[in-house]
Amino acid sequence: MDCQAEVNCGLHLVIQASSLPEKNKVEFKLNKETPSFPGRLLQHDLERNYSSRQGDHINLVSSSMPSFPILQRSSEEKILYSDRLTLERQKLTVCPIIDGEEHLRLLNFQHNFITRIQNISNLQRLIFLDLYDNQIEEISGLSTLRSLRVLLLGKNRIKKISNLENLKSLDVLDLHGNQITKIENVNHLCDLRVLNLARNLLSHVDNLNGLDSLTELNLRHNQITFVRDVDNLPCLQRLFLSFNNISTFESVCCLADATSLSDITFDGNPIAQESWYKHTVLQNMTQLRQLDTKRVTEEERRMASVVAKKEEEKKRESHKQSLLKEKKRLTINNVARKWDLQQHRITNIATNQDRKDSDSQDHCQNDGSTISAFPEETGSLDSGLTSALQGLSVTDTHLVEVDGDTLSLYGSGALECLDRNWSVQTAGMVTTVSFTFIEFDEIVQVLPKLRIKFPNSLHLKFKETNLVTLQQFNALAQLRRVDQLTVDPQGNPVVNFTLWKYYVLFRLSHFNMQKINGTEVTQNDMIMAERLFGILAHVASSELPQYHLISILGDARKKQFRYLLETKGKKPGIVNEENNDSKRLVGESTNRATLNYTTRDFYNEKLEEIKEKKKFCKIYIEDLVKEATEINMKNEALQKLWPQMFIELVRDAVMEIRNKNSYMKLCLQQITDQK
């Protein structure tokens with residue numbers, strides 16, 4: 001039979017064989033023709049010209065051990081073909097015992113059924129061993145072959161690279177077509193120049209340190225996703241990575257530092273389908289001469305440079321955006337952490353206050369004393385919470401972001417942004433304002449600024465803002481316009497009330513709202529809101545004193561209110577239907593205006609102001625009373641002393657004018673002295 005075996009690592013071995021059976025013994029006649037190996041791969045003693053047809057007469061006879069046949073050759077054949085032996089396609093299941101052939105340099109067992117390497121430990125001069133296409137499961141039996149330079153074990157069943165410690169002279173190692181999952185135990189092969197691991201089960205490439213002479217590495221048809229350590233191979237020129245699972249250049253970025261690499265293949269990988277593939281590879285691997293078996297031209301290099309610059313700009317911009325996103329994420333995490341700590345603090349204070357209230361109620365039952373409705377918040381944080389708050393950076397506890405038409409505010413410190421000098425264009429673009437991790441009472445204080453700075457804001461979003469009562473929605477009436485309102489259930493217990501949407505529609509009816517929490521507002525919703533809360537506004541306005549009602553209304557509302565008072569008490573039939581409807585609308589608008597909201601801080605400020613005024617008035621009255629008392633006391637004393645004083649005054653006057661001439665002289669003298 002004739003056959004040709006091709007080694008994928010670059011070796012080409014041509015073997016021709018024939019067999020002639022004889023009686024009483026098994027005899028094989030093998031004719032072999034082996035051309036020289038390509039000079040670019042092998043420069044050793046095997047580069048001989050075996051082009052002349054030669055024949056080996058080989059006898060396999062039974063040995064004392066039936067499982068191992070013994071190979072015998074005639075003296076003539078040993079002389080003619082002393083350094084090589086071919087047993088190709090002989091259906092061998094074991095390696096025969098080869099005695100008296102210690103001088104062999106080339107041994108070929110291609111295309112057999114051998115399961116284990118054995119019986120060749122005596123061939124210590126062996127340079128070339130070919131076991132391609134057998135059933136070998138483990139590399140073994142080679143420890144004594146220290147001169148071996150070419151080992152071909154392709155298309156076997158090997159699962160692990162092992163037992164090569166003594167083969168330090170290996171020049172070519174072919175392990176393609178096996179079941180190897182990891183590159184290992186090859187770091188000592190410092191003279192190895194060709195390594196073929198194609199068609200295995202490798203998922204990554206690493207552990208290549210020490211292969212200082214490696215010039216060609218074949219890794220085609222594996223499952224490789226990333227490559228490492230290739231930049232540590234100083235002589236590597238050809239790397240074949242075709243048909244793997246490489247999807248990004250970052251997973252093979254070490255190749256950019258492999259300065260000796262001149263030929264590489266990526267075809268059959270996901271990365272090769274990308275539009276940027278060729279430009280990126282050529283830009284990062286300027287030393288390449290061939291890519292995917294095609295020569296790289298100078299025009300391709302120039303285009304790669306241009307495209308790479310554009311990609312670098314995009315990459316920098318993308319990196320910048322990624323940094324901004326990460327900074328945003330960290331800042332929001334800090335804001336959320338601070339918010340949680342604050343809520344925990346408030347919860348602790350509320351718990352402590354409940355305990356105080358319980359103790360005080362017991363005390364009140366004994367002595368009748370009372371407690372303040374708004375006690376001072378003197379509760380303190382535990383040490384863990386205090387240290388956590390101190391560890392947060394001030395600049396990282398709030399965030400202001402304008403994304404398109406949305407202004408997002410995170411943390412109470414973000415409210416200060418409303419004091420900035422916003423450009424007209426930016427402020428005009430903002431139609432949605434989102435508040436997150438901010439107390440609603442703090443938001444209320446900046447609503448007038450929001451109305452002025454962002455006049456086109458139509459949509460308000462609240463998340464983690466402690467919206468607890470329906471009364472808080474009253475504060476939104478001072479805005480210019482609100483078309484949409486979104487209140488996230490997270491951190492806003494008010495949404496647990498069944499009728500909260502109807503109250504919003506009633507109180508903010510002058511806005512003609514379109515959506516609440518993404519749901520369209522219908523006419524039936526408006527009618528239901530009026531039915532539910534219309535009487536509430538009427539009661540609120542009728543119970544307030546007139547002076548108080550006027551004080552909480554604006555100038556425009558004051559005129560409406562006066563008009564309402566002027567028509568109050570008139571019978572319905574006196575005016576026509578149009579005027580009656582007008583008055584009804586005016587009344588509703590005014591009634592709703594009485595439903596306002598005062599923040600606790602503002603209420604506390606008012607209480608403090610009232611206390612100060614009371615204190616001033618008390619002191620002023622006390623001073624007046626004291627002064628009046630002193631005047632009265634002086635008056636009473638004067639009344640008692642006045643009769644005697646009057647007598648003495650009359651007596652002194654009579655005594656002075658008793659001698660008229662003397663009195664006149666005295667008066668003239670006093671006048672003269674005054675001049």
Side-chain angles (χ1 to χ4, degrees), residues 328 331-350 353 374-379 381 385 388-390 392-402 406-420 422 427 430 432-454 457 459-480 482 485-495 500 504 507-508 552 595-609:
K328 174 184 175 181
T331 302
I332 292 177
N333 286 344
N334 285 344
V335 174
R337 191 180 301 111
K338 182 179 180 181
W339 172 262
D340 291 340
L341 292 174
Q342 289 175 341
Q343 299 310 304
H344 183 65
R345 174 178 177 269
I346 293 172
T347 302
N348 286 345
I349 292 173
Q353 187 56 41
F374 297 98
E376 294 183 3
E377 297 183 357
T378 56
L381 291 171
L385 293 176
L389 279 173
Q390 292 176 349
L392 293 174
S393 172
V394 175
T395 58
D396 293 334
T397 53
H398 69 271
L399 176 66
V400 180
E401 181 185 33
V402 178
T406 302
L407 171 64
S408 300
L409 306 177
Y410 299 87
S412 58
L415 297 177
E416 299 176 1
C417 77
L418 297 177
D419 295 326
R420 297 180 184 174
W422 293 88
V430 174
T432 302
V433 182
S434 173
F435 300 94
T436 309
F437 302 119
I438 308 175
E439 288 284 349
F440 184 81
D441 285 1
E442 296 183 31
I443 297 173
V444 171
Q445 299 175 16
V446 300
L447 288 179
K449 296 180 182 178
L450 181 66
R451 173 178 177 174
I452 296 172
K453 293 284 186 178
F454 302 97
S457 58
H459 185 187
L460 296 182
K461 295 182 178 181
F462 298 95
K463 182 179 180 180
E464 293 283 5
T465 56
N466 271 344
L467 266 168
V468 179
T469 65
L470 297 177
Q471 186 184 9
Q472 289 175 295
F473 289 113
N474 298 341
L476 302 180
Q478 59 185 300
L479 293 172
R480 188 185 304 274
V482 178
L485 181 65
T486 301
V487 181
D488 196 292
Q490 186 175 347
N492 296 305
V494 71
V495 300
W500 77 273
V504 170
R507 181 60 188 88
L508 306 179
I552 65 175
L595 300 175
N596 57 4
Y597 175 66
T598 302
T599 64
R600 182 173 181 179
D601 292 338
F602 183 77
Y603 179 78
N604 291 337
E605 291 177 2
K606 286 295 183 182
L607 285 181
E608 291 297 327
E609 184 179 349

**Q** Are any non-hydrogen side-chain atoms of I438 and H398 less than 4.5 angstrom apart?
**A**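 When only atoms from C-beta onward are counted, H398 and I438 do not touch, as no gap falls below 4.5 Å.
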**Q** Are E439 and T465 packed together at the side-chain level, in the sense that at least one heavy-atom pair is separated by less than 4.5 angstrom?
**A** no
**Q** Restricting to non-hydrogen atoms, name the atom on L415 and the atom on L409 that form the minimum distance, rounded to 0.1 Å.
**A** CD2-CD1, 4.1 Å
**Q** Looking only at heavy atoms, which two atoms of P448 and V444 are closest? And how far apart?
**A**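 Distance-wise, the nearest heavy atoms are CD-O, 3.9 Å.
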**Q** Do L476 and L447 have side-chain heavy atoms sitting under 4.5 Å apart?
**A** yes
**Q** With side chain to side chain donor-acceptor pair (under 3.5 Å) as the test, would you mind laying out the steps for T486 and H459 before giving the verdict?
**A** CA-CA 8 Å; T486 301; H459 185 187; 2.8 Å; yes
**Q** Can you name the closest pair of heavy atoms from V433 and S457 and give their distance?
**A**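 In this case the closest contact between V433 and S457 is CG2-CB, 4.0 Å.
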**Q** Parallel, tilted or perpendicular for F435 and F462, by the 30°/60° rule?
**A** parallel
**Q** Out of curiosity, T436 OG1 to I332 CD1, how far, rounded to the nearest 0.5 Å?
**A**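 Going from OG1 on T436 over to CD1 on I332, the span is 7.5 Å.
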**Q** I'd like to check F454 versus L418 (side-chain heavy atoms, cut-off strictly below 4.5 Å). Are they in contact?
**A** yes
**Q** Give me the atom names and distance for the closest heavy-atom approach of Q472 to N466.
**A**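 Scanning both residues completely, I find the closest heavy atoms to be NE2-O, 3.5 Å.
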**Q** If every non-hydrogen atom of W422 is compared with every non-hydrogen atom of V402, which pair is closest and at what distance?
**A** CZ3-CG2, 3.7 Å
**Q** Step by step, work out the side-chain contact (heavy atoms from CB on, under 4.5 Å) result for V494 and F473.
**A** CA-CA 10 Å; V494 71; F473 289 113; 3.8 Å; yes
**Q** For the pair Q445 (side chain) and E442 (backbone), establish whether a donor and an acceptor sit closer than 3.5 Å, ignoring hydrogens and angles.
**A**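 No, because the side chain of Q445 does not come within donor-acceptor range (under 3.5 Å) of the backbone of E442.
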**Q** Is there a donor-acceptor contact under 3.5 Å from the side chain of R507 to the main chain of A477?
**A**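 No, the answer is negative, given that no donor and acceptor are paired below the 3.5 Å cut-off.
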**Q** Could you tell me if the side chain of L407 sits less than 4.5 Å from the side chain of V400, heavy atoms only?
**A**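 Sidechains of L407 and V400: in contact.
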**Q** Nearest 0.5 Å, please: how far is CD1 in I443 from CG in L450?
**A**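 Taking CG in L450 and CD1 in I443, the distance rounds to 9.5 Å.
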**Q** Would you say T331 and Y410 make side-chain contact, with heavy atoms under 4.5 Å?
**A**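 Answer no - side chains too far apart.
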**Q** Salt bridge between D488 and K461, side-chain N to carboxylate O under 4.0 Å?
**A**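 So D488 does not pair with K461 through a salt bridge.
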**Q** Could you check whether any side-chain N or O of D340 sits under 3.5 Å from a backbone N or O of R337, counting only pairs where one atom can act as donor and the other as acceptor?
**A** no
**Q** Please tell me if the side chains of L460 and L479 come closer than 4.5 Å, counting only heavy atoms from C-beta onward.
**A**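 In contact.
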**Q** Tell me the closest heavy-atom pair linking P489 and V495, and the distance in Å.
**A**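 Taking P489 first and V495 second, the nearest heavy atoms are CA-CG2, 3.5 Å.
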**Q** Checking K453 side chain against R420 main chain: does a donor-acceptor pair fall under 3.5 Å?
**A**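 Yes, the answer is positive, given that a donor and an acceptor are paired below the 3.5 Å cut-off.
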**Q** Counting only heavy atoms not in E416, do more than 12 fall under 6.0 Å of its CD?
**A** no
**Q** Mind checking the CZ-CZ spacing from R451 to R480? Nearest 0.5 Å is all I need.
**A**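 If we round to the nearest 0.5 Å, R451:CZ and R480:CZ are 5.0 Å apart.
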**Q** Measure from the side-chain N and O atoms of N492 to the backbone N and O of V487, and report whether any donor-acceptor pair falls under 3.5 Å.
**A**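 Flag not set: sc N492 to bb V487 has no pair under 3.5 Å.
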**Q** How far does CD of E401 sit from NZ of K328, to the nearest 0.5 angstrom?
**A**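 Interatomic distance, E401 CD to K328 NZ, rounded to 0.5 Å: 3.5 Å.
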